[in-house]
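Chain letters run A, B, ... following the sequence lines, proteins first, then strands; residues in each count from 1.
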Amino acid sequence: MPEGHTVHRLARALAGLFDGEALAVSSPQGRFAGGAALLDGQRMVAAEAWGKQLFCAFAPVDRRGDGTPDDVRWLRVHLGLYGAWSFAGDGSAEVVHAIGAPRRRIGERESTPDGGGDAGAGADADAAGEWAPPAPRGAVRLRLLGAHAVADLTGPTACEVLTGAEKAAVEARLGPDPIRDGGGRGSPDAARSAFVDRVRRSRVTVGQQLMDQAVIAGVGNIYRAEALFRAGVDPLRPGRDVPEAVLAQVWDDLVVLMRDGAERGAIVTTRPEHRVADGGGGRVTRQNTDGDVDAVPRDASFYVYHRDGLPCRVCGAPVLTKELAGRNLFWCGVCQA
DNA sequence: GCTGCATGATGAG
DNA sequence: TCATCCTGCAGCA
């Protein structure tokens with residue numbers, strides 16, 4: 001259940017593993033057999049993210065040069081609620097070092113880049129010392145297999161092959177992405193005002209609009225709850241009633257928070273002075289952590305997400321929760337009045 | 001061994 | 001607003 005920062009990390013990991021390499025592309029589960037056949041044997045020439053969408057470019061092996069001409073096909077993957085990538089490799093390539101111990105998932109489940117000292121745990125070498133990819137486990141929709149590594153995709157909500165024009169159409173429907181340079185909208189200012197203007201055009205609550213990928217791309221339930229807390233904004237307030245300057249601040253804050261998440265591999269929104277581990281009321285609040293999980297304890301990472309009933313870290317009032325458009329909302333009724 | 005929930009999105013009604 | 005997609009895990013027996 002990744003938010004945008006995780007998908008950006010995935011794009012980086014895939015580029016590091018496979019960029020420029022001809023891949024064997026298959027669908028062990030069978031549901032993506034047609035799409036896999038289109039890409040099989042081609043070179044992966046790029047991997048990028050826009051919000052929660054992952055795009056990988058494939059080009060024929062015999063084609064020279066870079067860029068994105070007509071024969072480039074784009075793999076589009078959206079993980080949705082259940083999707084996950086798992087990786088395995090021969091342990092020798094630097095890319096494996098960079099993404100962590102083989103057979104650890106990133107994208108949805110915990111994994112650690114440095115493998116927790118378990119080097120080679122998943123380095124499947126046969127008797128001849130030759131690396132062999134592990135058999136797919138579970139319903140693997142898509143397998144990308146290179147010379148030194150393999151990536152398996154399970155449970156995505158979307159997995160399809162697009163032309164450049166189709167990819168552009170998908171991106172056109174997405175709002176600016178705080179992690180992309182200039183929000184993907186040319187300049188930081190353009191991206192910020194696109195977000196601010198869009199929110200203020202509607203009386204839909206600002207809480208709902210932050211989850212709308214056409215308003216801002218990559219924000220999920222955690223970043224929504226945390227960004228609104230940090231800005232002191234009531235999530236139930238209609239978008240048009242939130243001052244321009246406050247929304248601009250929310251955008252700027254998300255740029256910092258989400259880029260930090262993409263670097264760190266985990267969402268941390270608490271300021272150091274509020275970063276007090278308190279046991280989280282006994283609840284186990286998990287999140288995508290493929291970075292150093294212990295750098296900030298999970299029960300010190302959030303202000304309000306999954307903390308309903310616990311005292312607000314700032315004012316002590318109990319954190320509130322409510323279902324809004326089918327998703328759980330968390331906020332402090334005092335700090336966000 | 002079950003059961004219900006989860007950081008998401010879509011399409012029908 | 002609801003059902004559905006489809007998977008892993010915590011919590012419970």
Scan [range] against DNA chain B and write down, sorted by residue number, each residue with any heavy atom closer than 4.0 Å; if none is found, say none.
{"range": "residues 321-328 of chain A", "value": "A:Arg327, A:Asn328"}
{"range": "residues 207-219 of chain A", "value": "A:Met211, A:Gln213"}
{"range": "residues 165-174 of chain A", "value": "none"}

Item checked: With A:His306 via ring pair (Phe, Tyr, Trp, His ring centres under 6.0 Å) - residues at least two apart -> A:Phe330

Check: Can you name the ring pair (Phe, Tyr, Trp, His ring centres under 6.0 Å) partners of A:Phe32, sequence neighbours left out?
Finding: none

Margin query: Can you list everything that forms a salt bridge (Lys or Arg N to Asp or Glu O under 4.0 Å) with A:Asp197? Sequence neighbours excluded, please.
Written below: none

Margin query: Just to verify, what does A:Arg307 make a salt bridge (Lys or Arg N to Asp or Glu O under 4.0 Å) with, not counting sequence neighbours?
Written below: A:Asp278

Checklist line | Pairwise P distance for B:dC5 and C:dA13, with rounding to whole Å | finding: 15 Å

Next item on the list: Between B:dA6, B:dG8, C:dT7, spot the one nearest the side chain of A:His78, thanks.
Entry: B:dG8

Check: What nucleotide among B:dT7, C:dT7, B:dA9 has an atom nearest to a side-chain atom of A:Lys52?
Finding: B:dA9

Next item on the list: Could you list all the side chain to side chain donor-acceptor pair (under 3.5 Å) pairs where at least one residue sits in residues 312-337 of chain A, not counting sequence neighbours?
Entry: none

Next item on the list: Sort and list the pairs that fulfil side chain to side chain donor-acceptor pair (under 3.5 Å) and have at least one residue in residues 228-246 of chain A, not counting sequence neighbours.
Entry: A:Arg230-A:Asp253

Item checked: Pairwise salt bridge (charged side-chain N to carboxylate O under 4.0 Å, His left out) hits with a residue in residues 158-173 of chain A, at least two apart -> A:Glu48-A:Lys167, A:Arg76-A:Glu160, A:Lys167-A:Glu171

Got a list of protein N/O to nucleotides 10-13 of chain B N/O distances below 3.5 Å?
none

Check: Do the ring planes of A:Phe195 and A:Trp251 sit parallel (below 30°), tilted (30 to 60°) or perpendicular (above 60°)?
Finding: tilted

Note to self: Which label fits A:Tyr305 and A:Phe302: parallel for a plane angle under 30°, tilted from 30 to 60°, or perpendicular past 60°?
What the structure shows: perpendicular

Note to self: Both atom distances under 3.5 Å, Watson-Crick or G-U wobble: I'd like the secondary structure of DNA chain B as a dot-bracket string, with | for pairs made across strands.
What the structure shows: ||||||.|||||.

